[in-house]
> 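The structure under discussion is supplied below as structure tokens; questions concerning it will follow.
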Amino acid sequence: MLQPKRRKFIKEFRGRRRGNATRGADISFGDFAMKAQEVAWITSAQIESARRTITHSLKKGGRVWIRIFPDKPITGRPAGKRMGGGKGDISTYVAVVKPGMILFEVAGAAEEIVREAFRKAACKLPIDIKMVSREN
């Protein structure tokens, strides 16, 4: 699973999930990309699952770039724990995704194959996505 090697601060505020992506909204490496249409927190397990689906669907043809990284720690408290006692321990890491953000990029494969791979990977993610190409 993806997670940061070290952090300056252990825990983080939840923040506000609104607005469109200002950075990471353009295709930089590949020919085709998976673009987010909604706001969400995507966990490291969901990113890894989508990545494995894309690489499996490409069948050794093409190259995949992951454009998001889960660097936000999410804390959780055990069920049945009483109120108080401070903030819980880190349970997982998430990537904050906003509309327009590029999630994955692919190069070196046919458009039909990439479209099918992105369709399968979209089933692993909690948001709607759109496939975009460098020409668009």
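The first residue in the sequence is number 1, and the count goes up from there. None of the values given here were measured: they were computed from a predicted structure. All values below were derived from every heavy atom in this structure, side-chain atoms included, with hydrogens, water molecules and symmetry-related copies excluded.
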> Does Arg16 reach the main-chain N or O of Arg18 with its side chain, forming a donor-acceptor pair under 3.5 Å?
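No.
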> If you define the side chain from C-beta out and look only at heavy atoms, does anything of Ile47 sit under 4.5 Å from Pro70?
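In short, these two side chains touch, coming nearer than 4.5 Å.
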> For Ala109 versus Leu58, what's the shortest heavy-atom pair and its separation?
CB-CD2, 4.0 Å
> For Gln46 and Thr43, indicate whether the former's side chain and the latter's backbone hold a donor-acceptor pair under 3.5 Å.
yes
> What I'd like to find out is whether the side chain of Ser28 reaches to under 4.5 Å of the side chain of Glu105, using heavy atoms alone.
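A side-chain contact exists here, since the closest heavy-atom pair is under 4.5 Å.
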> Ile113 and Val64: same hydrophobic cluster, using ILVMFWY side-chain contacts below 4.5 Å?
yes
> Do Asn20 and Lys98 touch side chain to side chain, with heavy atoms closer than 4.5 Å?
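Contact flag for Asn20/Lys98 side chains = no.
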> Within a reach of under 6.0 Å around NZ of Lys72, are more than 12 heavy atoms found that belong to other residues, nucleotides or ligands?
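Count over threshold, so yes.
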> What's the separation between atom OG1 in Thr55 and atom NZ in Lys60, rounded to the nearest 0.5 Å?
11.5 Å
> Can you establish whether the number of heavy atoms outside Lys59 located under 6.0 Å from its atom NZ is more than 12?
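Not more than 12 within 6.0 Å, no.
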> If we check side chain to side chain contact (heavy atoms under 4.5 Å, CB included) with Met34, which of these qualifies: Val106, Ile102, Ile129?
Ile129
> Decide yes or no for Ile74 and Trp41: does some side-chain heavy atom of the first lie under 4.5 Å from some side-chain heavy atom of the second?
yes
> Between Met131 and Val114, is there a side-chain heavy-atom distance shorter than 4.5 Å?
yes
> Hey, what do you get for CD1 (Ile27) to CZ (Phe32), rounding to the nearest 0.5 Å?
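Answer rounded to 0.5 Å: 9.0 Å.
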> Are any side-chain N or O atoms of Glu116 and backbone N or O atoms of Ser57, one a donor and one an acceptor, separated by less than 3.5 Å?
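The answer is no, because no donor-acceptor pair under 3.5 Å joins these two groups.
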> Is the backbone N or O of Gly30 less than 3.5 Å from a side-chain atom of Arg134, with the two atoms forming a donor-acceptor pair by type?
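At least one qualifying donor-acceptor pair exists.
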> Are Tyr93 and Asp71 packed together at the side-chain level, in the sense that at least one heavy-atom pair is separated by less than 4.5 angstrom?
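Sidechains of Asp71 and Tyr93: no contact.
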> I'd like to check the salt bridge (Lys or Arg N to Asp or Glu O under 4.0 Å) partners of Arg52; sequence neighbours left out, ordered by chain and number.
none
> For Thr75, is there any backbone N or O sitting under 3.5 Å from a side-chain donor or acceptor partner on Lys11?
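Flag not set: sc Lys11 to bb Thr75 has no pair under 3.5 Å.
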> Could you tell me whether the side chain of Arg77 and the main chain of Asp89 form a donor-acceptor pair under 3.5 Å?
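The answer is no, because no donor-acceptor pair under 3.5 Å joins these two groups.
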> Which heavy atom of Ala107 sits nearest to which heavy atom of Trp65, and what is that distance?
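Answer, listing the atom of Ala107 first, then Trp65: CB-CZ3, 3.6 Å.
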> How many angstroms lie between atom CZ of Arg67 and atom NZ of Lys35, to the nearest 0.5 angstrom?
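Arg67 CZ to Lys35 NZ: 10.5 Å, rounded to 0.5 Å.
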> Is there a side-chain contact between Thr92 and Met1 in this structure, where contact means two heavy atoms from C-beta onward sitting under 4.5 Å apart?
no
> Looking at Glu12 and Arg7, is there a salt bridge between them, counting it only when a charged N and a carboxylate O are closer than 4.0 Å?
yes
> Quick one: closest heavy-atom pair of Lys124 and Ser49, and the distance?
CD-OG, 3.3 Å
> Determine the minimum heavy-atom distance between Ile127 and Ala40, stating which atoms define it.
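Result for this residue pair: CG2-CB, 3.1 Å.
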> Might you point out which heavy atoms bring Gly100 and Ala21 nearest each other, and give the distance in Å?
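Of all heavy-atom pairs spanning Gly100 and Ala21, the closest is C-CB, 4.1 Å.
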> Going only through I, L, V, M, F, W and Y residues with side-chain contacts under 4.5 Å, is there a path from Ile66 to Met101?
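Shared cluster, yes.
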> At what distance, to the nearest 0.5 angstrom, does CZ of Arg63 lie from CZ of Phe29?
9.0 Å
> Which value, rounded to the nearest 0.5 Å, describes the distance between Arg51 atom CZ and Leu103 atom CG?
15.0 Å
> Could you state the interatomic distance from CG (Leu2) to CD (Glu48), rounded to the nearest 0.5 Å?
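Spacing of CG (Leu2) from CD (Glu48) equals 6.5 Å.
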> Are the side chains of Val94 and Ile42 in touch, meaning some heavy atoms are under 4.5 Å apart?
no
